[in-house]
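Within every chain, numbering begins at 1; the chains are lettered A, B, ... in the order of the sequence lines, protein sequences first and strands thereafter. Given the structure is predicted, the values throughout are model-derived calculations rather than measurements.
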Protein chains: 2
Amino acid sequence: MAIQLKFSLPEKLYIKDPQTTKYGNKLLGNSVLLIDELGFEGFTFKKLAAKIDSTETSIYRYFENKHLLLLFLNCWYWEWLNYLIEVETKNLPSPQVRLERAIHLIVNAHHEFTLTAYVDEVILHKVVVMEGTKSYHIHSVDNENKDGLFVCYKELVERVAAIIELVQPDFEYPRGLSSTLFEMANHQLYFARHLPRLTDLKRKDDLKVELEKMLLIFAKKMLI
Amino acid sequence: MAIQLKFSLPEKLYIKDPQTTKYGNKLLGNSVLLIDELGFEGFTFKKLAAKIDSTETSIYRYFENKHLLLLFLNCWYWEWLNYLIEVETKNLPSPQVRLERAIHLIVNAHHEFTLTAYVDEVILHKVVVMEGTKSYHIHSVDNENKDGLFVCYKELVERVAAIIELVQPDFEYPRGLSSTLFEMANHQLYFARHLPRLTDLKRKDDLKVELEKMLLIFAKKMLI
DNA sequence: TAAAAATGATAGCAATACTATTATTTGGAA
DNA sequence: TTCCAAATAATAGTATTGCTATCATTTTTA
């Protein structure tokens, strides 16, 4: 039996925590599938309700609106990745190796680890790459930030920034490099898939290998 | 009398080119203001119509929907920046200096140059930073890409990639570095303004100076 | 086994994202 | 100058979205 991970996500993200109920699990799993299928703009609670044989009303008992659901999915992903980076880098010998491992996980975690029984992490990753930035590019950022809705991403970025600081204590931009690695991982992948002239990565089987190599080179050169 | 720039933007972006009419100019200028004020999600053609004392119907004669209007604004900004980088780097002595100038323009163009008489370029830049990624993170990317709607961004990225290749001909990731510089410029600025734990840049008067310095260091280190 | 909690069913409403039709204005060419 | 064509306005209408409210039913759990 697999371990079920339940994350403590910011309370204001949801009305009722979907991780705690069967219905909630179904809601989450299917929302990932449906957002992937329709795109976030085409996705509605009504369509999700139809997909899980339920009603809009019931979904509104979990989330105030679809934006917060998207942010929930992102936070979830960030928490999971943060947890993985923590346990997977803990006992590694040097900061350099830990950074390498972290970069490997940023690119590959969704293929190598399981989040839960009810969410397809490969598709969740697709959604994060495709729709992720929309979860924090919103008019109400400042208010939502006050409510702590972005701590998950901050902590994730800070975890890798901490490793970067160990690699090179006098480096001026540990957070900037860390957030850039996360953003690059998503954008370069997105570009390779959809707007290939914006990247040098080629869309083939080993795209992930190439991406990891690219991020590694960027990080290494920055920390020379 | 200032020179009025009119750009050739992809035809499928609009139904009728708003650059060619007085009404269109008013539409563009006010859409920038209103998107900045309400955020892209809160922005509607009805509200824009009210603001310019017109009707929804009239706006729909220029743009199929608000997504294409946002993309138009981005394309416009990209074309303008591309043009500026071209003329401003043309006669510079070395590739290094040209790259430095390009980075300076990515960060500062909107404060130093004028786009047109009817658009506030500082606010346009705010909109690009805040809402820009939404214009190419859409379910219909592949179709829109076929229609050539993203050429402006591609050409802009390629212009800087070409300079990068001159600086270091055997560098593996000219496009990747170029697109990353553009994306970083926006994201790090956005983070400094709204999610400061994600960056090392401090929110103060000389934020732009700091950002330029950061991008310069990144680029330099990559091309050692 | 009764109370409480969760979900479903139904209804409704204001706003959004359009389209269609018919006036009216306005800018240019004859 | 006037008349034509193009552009814009006015009005109306429709399906969908993004909710909220109420009440009935099912499921949990104490």
Side-chain angles (χ1 to χ4, degrees), chain A residues 6 11-31 34-35 37-73 118 131 134-135 138-140 143-144, chain B residues 6 11-31 34-35 37-73 118 131 134-135 138-140 143-144:
Chain A
K6 186 190 168 298
E11 273 189 22
K12 295 224 174 175
L13 258 185
Y14 46 79
I15 294 165
K16 182 184 165 73
D17 189 345
Q19 294 177 106
T20 60
T21 67
K22 216 171 170 182
Y23 181 91
N25 294 352
K26 203 169 153 193
L27 193 172
L28 292 174
N30 284 279
S31 67
L34 203 57
I35 292 173
E37 187 184 329
L38 305 174
F40 185 62
E41 282 71 33
F43 169 85
T44 69
F45 278 0
K46 193 166 210 164
K47 291 173 190 167
L48 176 58
K51 193 177 172 80
I52 62 177
D53 257 306
S54 175
T55 60
E56 266 182 290
T57 330
S58 300
I59 297 172
Y60 276 109
R61 284 199 195 92
Y62 283 84
F63 290 104
E64 236 178 282
N65 53 52
K66 70 173 183 171
H67 161 250
L68 288 173
L69 167 55
L70 178 67
L71 184 54
F72 184 97
L73 295 174
Y118 48 93
E131 317 288 356
K134 293 171 193 167
S135 68
I138 22 147
H139 195 57
S140 49
N143 284 322
E144 298 194 358
Chain B
K6 184 189 167 298
E11 273 188 25
K12 295 225 174 174
L13 258 185
Y14 47 78
I15 295 165
K16 182 185 165 73
D17 189 345
Q19 293 177 109
T20 60
T21 67
K22 216 172 171 179
Y23 181 92
N25 295 353
K26 204 169 152 193
L27 194 171
L28 293 174
N30 284 278
S31 66
L34 204 56
I35 292 173
E37 186 184 329
L38 305 174
F40 185 61
E41 281 71 33
F43 169 85
T44 70
F45 278 0
K46 193 165 211 165
K47 291 173 188 167
L48 176 57
K51 192 177 172 82
I52 63 177
D53 257 305
S54 177
T55 60
E56 267 182 290
T57 332
S58 301
I59 297 171
Y60 276 108
R61 280 201 201 88
Y62 284 82
F63 290 104
E64 237 177 281
N65 53 52
K66 71 172 182 172
H67 161 250
L68 288 173
L69 168 54
L70 178 67
L71 184 54
F72 184 99
L73 295 174
Y118 48 93
E131 317 286 357
K134 293 171 194 168
S135 69
I138 22 149
H139 195 56
S140 50
N143 284 322
E144 296 193 359

**Asked** Where does the chain B footprint on DNA chain C start and end, counting 5' to 3' with a 4.0 Å heavy-atom cut-off?
**Response** dT16(C) to dA20(C)
**Request:** Give E64(A) one of three labels, base, sugar-phosphate or nothing, depending on what nucleic acid heavy atoms sit under 4.0 Å from its own.
**Result:** sugar-phosphate
**Item:** Residues that K51(B) engages under side-chain contact (heavy atoms from CB on, under 4.5 Å), provided they are two or more places apart
**Value:** N30(B), L33(B), L34(B), E37(B)
**Asked** Quick one: side chain to side chain donor-acceptor pair (under 3.5 Å) partners of E131(B), sequence neighbours excluded?
**Response** K134(B)
**Message:** Using whole Å, what does the distance between atom C1' of nucleotide dT11(D) and atom NZ of K46(B) come to?
**Reply:** 11 Å
**Prompt:** On DNA chain D, nearest-nucleotide positions of K66(A) versus E56(B): which is more 5'?
**Reply:** E56(B)
**Prompt:** Who are the ring-ring contact (aromatic ring centres under 6.0 Å, His included) partners of Y62(B), not counting sequence neighbours?
**Reply:** Y23(B)
**Message:** Expressed as a whole number of angstroms, how long is the span from L69(A):CG to dG18(D):P?
**Reply:** 12 Å
**Request:** List in chain and number order the residues that pass salt bridge (charged side-chain N to carboxylate O under 4.0 Å, His left out) with K47(A), two or more places apart in sequence or in another chain; answer none if no residue qualifies.
**Result:** none
**Message:** Restricting to side chain to side chain donor-acceptor pair (under 3.5 Å), what partner residues turn up for T57(B), sequence neighbours left out?
**Reply:** none
**Euclidean distance, atom CG of residue L68(A) to atom C1' of dC19(D) [Å, nearest integer]** = 14 Å
**Message:** Taking any heavy-atom pair under 4.0 Å as a contact, classify K47(B): base, sugar-phosphate, or nothing.
**Reply:** sugar-phosphate
**Request:** Could you tell me whether the side chain of K66(A) and the main chain of F40(A) form a donor-acceptor pair under 3.5 Å?
**Result:** yes
**Prompt:** Given atom CZ of F43(A) and atom C1' of dT16(D), what is their separation to the nearest angstrom?
**Reply:** 16 Å
**Request:** List in chain and number order the residues that pass ring-ring contact (aromatic ring centres under 6.0 Å, His included) with F43(B), two or more places apart in sequence or in another chain; answer none if no residue qualifies.
**Result:** none
**Fill in**
Residue set satisfying side chain to side chain donor-acceptor pair (under 3.5 Å) with T55(A), at least two apart, ordered chain then number -> S58(A)
Write down the protein N/O and nucleotide N/O pairs, taken from nucleotides 4-10 of chain D, whose separation is under 3.5 Å; answer none if there are no such pairs.
from, atom 1, to, atom 2, distance (Å)
dA7(D), OP1, K16(B), NZ, 2.7
dT8(D), OP1, Y62(B), OH, 3.3
dT8(D), OP2, Y62(B), OH, 2.9
dA9(D), OP2, S54(B), OG, 2.4
dA9(D), OP2, S58(B), OG, 2.9
dA9(D), N6, R61(B), NH2, 3.3

